[in-house]
Visitor: 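To start, I am sharing the structure in question, which I have written as structure tokens.
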Amino acid sequence: MPPDPAPAVARRAVSALDDRIEVATGHDIDTLWAHRDRGVLDKSHAHLVDLHRRLAQTEAGVTFYRTLLHRLASGEFPVDSALFERIDRTIGQLGKAAEERDTAEARVIAVLEPIETAARGAHPEGRELIPAADQAALLAVARGAKLHEHLLTGRMSVVTASGKRIPYTHFQQLETAGLVSRDTRCPVHAGQPVALTDAGRVALASNRRAHTAASPAAAPPGRWPHAARARR
């Protein structure tokens with residue numbers, strides 16, 4: 001049996017918090033990382049990006065060991081003691097990787113929540129934004145999603161292109177509000193495509209513009225809004 005492969009360097013892993021971060025900052029993840037590399041983020045946003053990068057690394061580790069475990073159980077290798085040892089070892093490594101991912105995720109959330117609060121309070125027009133959880137769900141749906149029913153349990157949920165799951169109750173709330181719709185021509189057990197309605201696209205675009213205008217996440221060095229006010 002060949003030795004365990006080493007984790008390969010892959011593209012940036014997608015985390016469960018990506019949508020929330022993009023909603024709170026008004027920038028996509030790749031842009032935030034680029035701003036961090038250029039040194040144009042304020043302290044709180046720079047710290048958030050640093051923690052998110054660590055989270056992405058741990059997500060990549062979980063994906064690697066999960067994929068390896070799937071390969072070991074696929075029937076590719078003979079069922080013998082060596083296989084059992086590798087499966088046991090991989091399960092242990094996967095568990096450790098998941099623990100590291102959970103720890104990294106908790107650290108990101110601790111830094112992200114104050115930024116979310118500040119973004120809501122800094123809305124320039126003084127209107128209440130739709131909840132961050134709703135906007136994160138809309139952002140995920142915008143990238144592609146389907147409503148599925150589990151054949152055994154009968155439970156329904158929306159699965160997005162990034163792998164994010166939206167509970168059915170949350171989907172119903174968005175659907176009732178007229179922000180999303182589903183294609184009922186397709187059977188739900190096969191997956192009904194879910195898409196934003198015109199109202200959903202307007203809400204998503206309006207909120208992202210509001211966050212971008214209100215958030216000082218990135219600006220040229222020495223040109224922060226608070227510094228400009230101080231010079232007046």
Side-chain angles (χ1 to χ4, degrees), residues 13-29 48 51-52 55-56 58-59 62-63 66 94-95 98-99 101-121 123 127-211 214-215:
V14 176
S15 79
L17 298 178
D18 285 10
D19 292 335
R20 282 180 62 181
I21 292 172
E22 291 181 352
V23 167
T25 63
H27 298 285
D28 62 59
I29 298 298
L48 174 65
L51 292 176
H52 179 261
L55 173 60
T58 61
E59 285 283 7
V62 169
T63 299
R66 182 174 56 202
L94 177 60
E99 290 178 359
R101 186 271 318 277
D102 292 345
T103 299
E105 187 173 277
R107 290 173 177 167
V108 171
I109 291 174
V111 175
L112 175 61
E113 287 180 341
I115 294 176
E116 289 176 328
T117 301
R120 287 192 295 269
H123 188 263
R127 295 179 310 206
E128 182 180 0
L129 298 173
I130 62 175
D134 287 354
Q135 186 161 348
L138 293 177
L139 188 61
V141 168
R143 296 168 177 164
K146 286 187 177 183
L147 175 66
H148 289 274
E149 179 182 23
H150 196 284
L151 292 177
L152 298 179
T153 65
R155 293 181 178 178
M156 296 171 57
S157 63
V158 173
V159 181
T160 69
S162 65
K164 175 184 176 68
R165 287 187 178 272
I166 302 173
Y168 184 58
T169 53
H170 192 185
F171 165 75
Q172 286 180 306
Q173 293 170 356
L174 298 174
E175 188 177 37
T176 300
L179 300 176
V180 298
S181 63
R182 52 177 147 168
D183 186 352
T184 56
R185 295 172 298 180
C186 300
V188 70
H189 65 268
Q192 292 181 340
V194 176
L196 298 182
T197 62
D198 289 341
R201 284 189 287 271
V202 169
L204 182 60
S206 298
N207 271 32
R208 296 199 70 179
R209 283 196 299 268
H211 279 295
S215 174

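Numbers here are sequence positions counted from 1. FYI, side chains are in, hydrogens and waters are out, and symmetry mates aren't considered; it's all heavy atoms of this structure. These figures come from a predicted structure and were not determined experimentally.
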Visitor: Do any N or O atoms from the side chain of Thr58 and from the backbone of Leu55 form a donor-acceptor pair under 3.5 angstrom?
Guide: yes
Visitor: How long is the straight-line distance from OG1 of Thr184 back to CG of Leu147, given to the nearest 0.5 Å?
Guide: 11.0 Å
Visitor: Can you measure from CD (Gln192) to OG (Ser181) and round to the nearest 0.5 angstrom?
Guide: 10.5 Å
Visitor: Would you compute the distance between atom CD of Glu22 and atom NE2 of His27 and round it to the nearest 0.5 angstrom?
Guide: 11.0 Å
Visitor: Give me the atom names and distance for the closest heavy-atom approach of Ala24 to Glu116.
Guide: CB-CG, 3.6 Å
Visitor: Atom CG in Leu112, atom CD in Glu105: separation rounded to 0.5 Å?
Guide: 10.5 Å
Visitor: Could you check whether any side-chain heavy atom of His52 comes within less than 4.5 Å of a side-chain heavy atom of Asp18, counting everything from C-beta outward?
Guide: yes
Visitor: What's the shortest heavy-atom distance between Leu138 and Gly200, and which atoms?
Guide: CD1-O, 4.4 Å
Visitor: For the atom pair CG (Leu48) and CD (Glu113), what is the distance rounded to the nearest 0.5 Å?
Guide: 11.5 Å
Visitor: Would you say Ser157's side chain and Tyr168's backbone share a donor-acceptor pair under 3.5 angstrom?
Guide: no
Visitor: Before accepting this row, confirm whether a basic side-chain N of the pair Glu149/Arg182 lies closer than 4.0 Å to the acidic partner's carboxylate O.
Guide: no
Visitor: Can you list the steps and then say if Leu174 with Val141 is a side-chain contact (heavy atoms from CB on, under 4.5 Å)?
Guide: CA-CA 11 Å; Leu174 298 174; Val141 168; 5.7 Å; no
Visitor: For Ala142 and Leu196, which heavy atoms make the closest approach, and how far apart are they?
Guide: CB-CD1, 3.7 Å
Visitor: Got a sec: does the CZ of Arg201 have more than 12 other heavy atoms crowding it under 6.0 Å?
Guide: yes
Visitor: Check Val62 against Leu94 and note the closest heavy-atom contact, atom names and distance.
Guide: O-CD1, 3.6 Å
Visitor: I need the minimum non-hydrogen distance between Ala136 and Val23, along with the two atoms involved.
Guide: N-CG2, 3.9 Å
Visitor: Search all heavy atoms of Cys186 against all heavy atoms of Pro193 and return the closest pair with its distance.
Guide: SG-CD, 3.8 Å
Visitor: Flag the pair Asp19 and Arg143 as a salt bridge only when some basic side-chain nitrogen lies within less than 4.0 angstrom of an acidic carboxylate oxygen.
Guide: yes
Visitor: Any side-chain heavy atom of Lys146 within less than 4.5 Å of one from Val158?
Guide: no
Visitor: Which distance, rounded to the nearest 0.5 Å, do you find between the CD1 of Ile109 and the CG of Leu17?
Guide: 5.0 Å
